[in-house]
Visitor: 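This is the structure, below, for whatever I ask next.
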Amino acid sequence: MSFRFDIEKFDGRINFGLWQVQVKDILIQSGLYKALKGKTASLSEGKEPDKPSDSSGDKGKSKMSEEEWEELDMRAASQIRLCLAKNVLANVARWSSTKELWEKLEEMYQAKSLSNSALNGIVSELESIGVEIDDEDKALRLIWSLPSSYEHMQTVLMYGKENVNFLEVTSKLISEERRLKNGENKSSESGALSVCGNRKKYKGSKKKIICWGYGQPGHLKKDCKNGGAISANGSKSDATNGLLDYKGSIFPTRLTCAFLRALVIRAAKSGTCKMLAAIANDHCNFTIDIHTFSVIELASFVDLTPWHRFGFTAANAAILEAVEGYSVIHIVDLSLTHCMQIPTLIDAIANRLEGPPLVKLTVAGGATQDVPPMLDLSYQELGSKLVNFARSRNVALEFRAILSSYADGFTFLIEQLRVQHLVYAESGEALVINCHMMLHYIPEETLSPLSNVNSNSYSFESSSTQSLRTMFLKALQMLDPTIVVLADEDADLTSNNLVCRLRSAFNYLWIPYDTVDTFLPQGSKQRQWYEASICWKIENVIAHEGLQRVERLEPKSRWVQRIQTAGFRRVSFGEDTISEVKTMLDEHADGWGLKKDEDDLVLTWKGHNVVFPQLGCLREAHFFSS
């Protein structure tokens, strides 16, 4: 005799406890309930699983065989999965055994979890008496009712979306909760949905900070009274010796794998080892899948972390102050993030008391087409979107993309800007040069290797020992800009010595791997994109030489020297700018910090420099670093 049982599929909204009782009844009626106890318990009981129990015959039953158990387990797990909605099934699909599947469902959807919270109970009661609540309204109420420690999720869930879906929101929050449970210590006070890591994790870990140089707790290597140079056993020490982070644990395996991968590729390229060459040619293992972003994806991706937002916020505040009173503002945007900084700047310009000015935006089209992040549309299409956005803010925007490359120090772009400067010099327009994580791609080489690439376009006398970076900055100085803003990563990856470069890269690139757990769940597509871009950078730094090695970061101190040599005057950031940056950082995990270094601002992660912004110009100049 066959039975048909109709129960409502569990979708994360209905009461989990009642659904659980109904599923148990189905398993009992189908003779499959023993599977919930697990393999060991069921095999030891010695009863047939698929026949009703009979007290008079139990003693004569033989023990369940392995084959019978596997069939029982598969049937029970299948029965449970058939009672799940697709959005819930996606969260537990990888667990095949009945016991594991059941326990995971209890772990994620038990009464303490979000899906069975008071909100859903109230919603269900109102719907039962005929009061209809819009799906989007439920989603918005849920998002804004999240605790303060979930503020970062509010941004992620709502950014760039015209509508929000309740099931999508609950599914993402449950995934975030599961990530926290799997990756961090459970805390009874935080419950199932509070973030026991993001804001509390780093405060509690400060006592465990270990000096990488001296090996003693309580201070960083940079603050070490012994210079951070001698370890406890009397030897030199850095991040590559012991691979210790602040909690004394081993660095993430994926970071080590990325460096090993790059070294294998380098060795294979040299041709000294056929085995390594064969390994490197295995595309399944060594080809990096770099994602091509849509505009919405990239805007959301950039907004997840202060890595770029820090430079955006500081630069925009400084630019607004510098261009106050100008009726025409010409912005030259040399940015790795494809103008993602510009919409926020346009928003701010539109709200000026004196009214919005005419904005001219010039970009180097195609400058980053071979460097992550990559965009899935042309700069002409991007320009059209920006013009429409500016129009919606009552700002007139003229967009121009000039085909120019970092490989020759943006020579053609500089020449075009010089021509425009001769035409508009007397018109009183403000010229803003915004360089966001782009200038370190200009080769740190002398002119001789590039003498055949328009190297004579610069109007000043070139020197065989003068780098393209210095020449570029001097060319900018000749344009008499209102303000120059430079934001870049604070590391030194320029050494021609592989060992020195590897050590510097390791001591810096652990930071993006360490930060990722604060804003992206394991297994998410965005995390895969993020780590692929870091892996690409590691490969470029380690496996390539010459002009193919484009990742040539310089420390803040060297950029400061270049800026001053080019004739710019450095300008410090105002209190309003610092306040805006602090407000932005409050939206992210406590590991991020702000440090004021003389006239400069520096973004830090657990006390280590990450990004710096700087300001400079003949009239006014600013610099930032990360």
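Keep in mind that the numbers below use all heavy atoms, side chains included, and drop hydrogens, waters and symmetry copies. Please read these numbers as outputs of a predicted model, since none were measured by experiment.
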Visitor: Enter the distance from L377:CG to T292:OG1 here, rounded to the nearest 0.5 Å.
Guide: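 It is 11.0 Å, given to the nearest 0.5 Å.
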
Visitor: To the nearest 0.5 Å, what is the distance between CE (M340) and OG (S335)?
Guide: 8.5 Å

Visitor: Between D576 and S579, does a side-chain contact (heavy atoms from CB on, under 4.5 Å) hold up when you go through it step by step?
Guide: CA-CA 5 Å; D576 289 343; S579 178; 5.6 Å; no

Visitor: Hey, are T362 and R400 close enough side-chain-wise for a donor-acceptor pair under 3.5 Å?
Guide: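 T362 and R400 do not have a side-chain donor-acceptor pair below 3.5 Å.
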
Visitor: Using side-chain hydrogen bond (donor to acceptor under 3.5 Å, both in side chains), reason through H338 and Y379 one step at a time and then give a plain yes or no.
Guide: CA-CA 8 Å; H338 308 285; Y379 265 77; 2.8 Å; yes

Visitor: Start with the C-alpha distance between R501 and S495, add both sets of side-chain angles, then the distance that settles side-chain hydrogen bond (donor to acceptor under 3.5 Å, both in side chains), and finish with yes or no.
Guide: CA-CA 6 Å; R501 200 164 68 241; S495 176; 5.7 Å; no

Visitor: Please find the pair of heavy atoms, one from S405 and one from D408, that lie closest to each other, and give the distance.
Guide: O-OD1, 2.7 Å

Visitor: Would you mind checking if K556 and D488 are paired as a salt bridge, meaning a charged N to carboxylate O distance below 4.0 Å?
Guide: no

Visitor: Under the side-chain contact (heavy atoms from CB on, under 4.5 Å) criterion, do I288 and E531 qualify, and how do the steps go?
Guide: CA-CA 10 Å; I288 302 174; E531 293 193 358; over 6 Å; no

Visitor: For S504 and L493, indicate whether the former's side chain and the latter's backbone hold a donor-acceptor pair under 3.5 Å.
Guide: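 Such a contact is absent between S504 side chain and L493 backbone.
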
Visitor: State the CG-CG distance between L417 and L476, to the nearest 0.5 angstrom.
Guide: 8.0 Å

Visitor: Just wondering, are more than 12 heavy atoms of other shown residues or ligands nearer than 6.0 Å to CG in N388?
Guide: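 Count over threshold, so yes.
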
Visitor: What are the two closest non-hydrogen atoms of A314 and F573, and how far apart are they?
Guide: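 In terms of heavy atoms, the two residues are closest at O-CE2, 4.0 Å.
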
Visitor: Which atom names give the shortest non-hydrogen contact between Q528 and G523, and what distance separates them?
Guide: NE2-O, 3.6 Å

Visitor: Are R558 and D492 close enough for a salt bridge, meaning some N to O gap below 4.0 Å?
Guide: yes

Visitor: Drop me the distance from C535's SG to D289's CG, to the nearest 0.5 angstrom.
Guide: 11.5 Å

Visitor: State the CZ-OH distance between R552 and Y441, to the nearest 0.5 angstrom.
Guide: 12.5 Å

Visitor: To the nearest 0.5 Å, tell me how far L334 CG sits from H436 NE2.
Guide: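 L334 atom CG to H436 atom NE2 measures 12.0 Å (nearest 0.5 Å).
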
Visitor: Sequence neighbours left out, what passes salt bridge (charged side-chain N to carboxylate O under 4.0 Å, His left out) with E551? Give chain and number order.
Guide: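 Expected list: none.
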
Visitor: Does the side-chain contact (heavy atoms from CB on, under 4.5 Å) test come out yes or no for K582 and I578, once each step is laid out?
Guide: CA-CA 6 Å; K582 288 180 177 178; I578 296 174; 3.7 Å; yes

Visitor: Side-chain donor-acceptor pair under 3.5 Å between H291 and E297, yes or no?
Guide: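 Side chains of H291 and E297: pair found under 3.5 Å.
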
Visitor: Taking side chain as C-beta onward, heavy atoms only, is E554 less than 4.5 Å from H440?
Guide: no

Visitor: Are any non-hydrogen side-chain atoms of F472 and L468 less than 4.5 angstrom apart?
Guide: no

Visitor: Could you walk me through whether T604 and L594 satisfy the side-chain contact (heavy atoms from CB on, under 4.5 Å) test, starting with their C-alpha distance in whole Å, then the side-chain angles of each, then the deciding distance to 0.1 Å, before giving a yes or no?
Guide: CA-CA 6 Å; T604 63; L594 172 65; over 6 Å; no

Visitor: Should R549 and E539 count as an ion pair when the cut-off is N to O under 4.0 Å?
Guide: no

Visitor: Within the 4.5 Å heavy-atom criterion, are W559 and L473 side-chain neighbours or not?
Guide: yes

Visitor: Kindly state whether the ring of F310 and the ring of W592 have centres lying under 6.0 angstrom apart.
Guide: no

Visitor: Closer than 4.0 angstrom, basic N to acidic O: yes or no for E381 and K385?
Guide: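 Salt bridge absent between E381 and K385.
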
Visitor: Do you know the tightest heavy-atom contact between S404 and L413?
Guide: OG-N, 3.3 Å

Visitor: Can you list every pair that meets salt bridge (charged side-chain N to carboxylate O under 4.0 Å, His left out) and has a residue in residues 328-354, with sequence neighbours left out?
Guide: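 Residue pairs with at least one partner in residues 328-354: D347-R393, R352-E354.
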
Visitor: Is there a side-chain contact between E580 and M584 in this structure, where contact means two heavy atoms from C-beta onward sitting under 4.5 Å apart?
Guide: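 Not touching, per the 4.5 Å side-chain cut-off.
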
Visitor: Could you tell me if the side chain of L358 sits less than 4.5 Å from the side chain of E398, heavy atoms only?
Guide: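 Answer yes - side chains close enough.
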
Visitor: Could you check whether H588 and T305, counting side-chain N and O atoms only, form a donor-acceptor pair closer than 3.5 Å?
Guide: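 Looking only at side-chain atoms, H588 and T305 do not form any donor-acceptor pair under 3.5 Å.
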
Visitor: Centroid-to-centroid, F519 to Y530, below 6.0 Å?
Guide: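 Yes, the ring centres sit under 6.0 Å apart.
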
Visitor: Is K360 close to F399 at the side-chain level, that is, under 4.5 Å between some pair of heavy atoms?
Guide: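 They are not in side-chain contact.
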
Visitor: State, without any angle test, whether H544 and K269 hold a side-chain donor-acceptor pair at a distance under 3.5 Å.
Guide: yes

Visitor: What are the two closest non-hydrogen atoms of D11 and V88, and how far apart are they?
Guide: C-CG2, 3.5 Å

Visitor: Show the nearest heavy-atom pair for residues Y406 and P443, with the distance to one decimal.
Guide: O-CD, 3.2 Å

Visitor: I'd like to check L298 versus L375 (side-chain heavy atoms, cut-off strictly below 4.5 Å). Are they in contact?
Guide: yes

Visitor: Heavy atoms, side chains only, cut-off 4.5 Å: are R418 and E415 in contact?
Guide: yes

Visitor: Taking 4.0 angstrom as the limit, do D514 and K606 come out as a salt bridge?
Guide: yes

Visitor: Donor-acceptor pair, distance only, cut-off 3.5 Å: does the side chain of T313 make one with the backbone of R309?
Guide: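 At least one qualifying donor-acceptor pair exists.
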
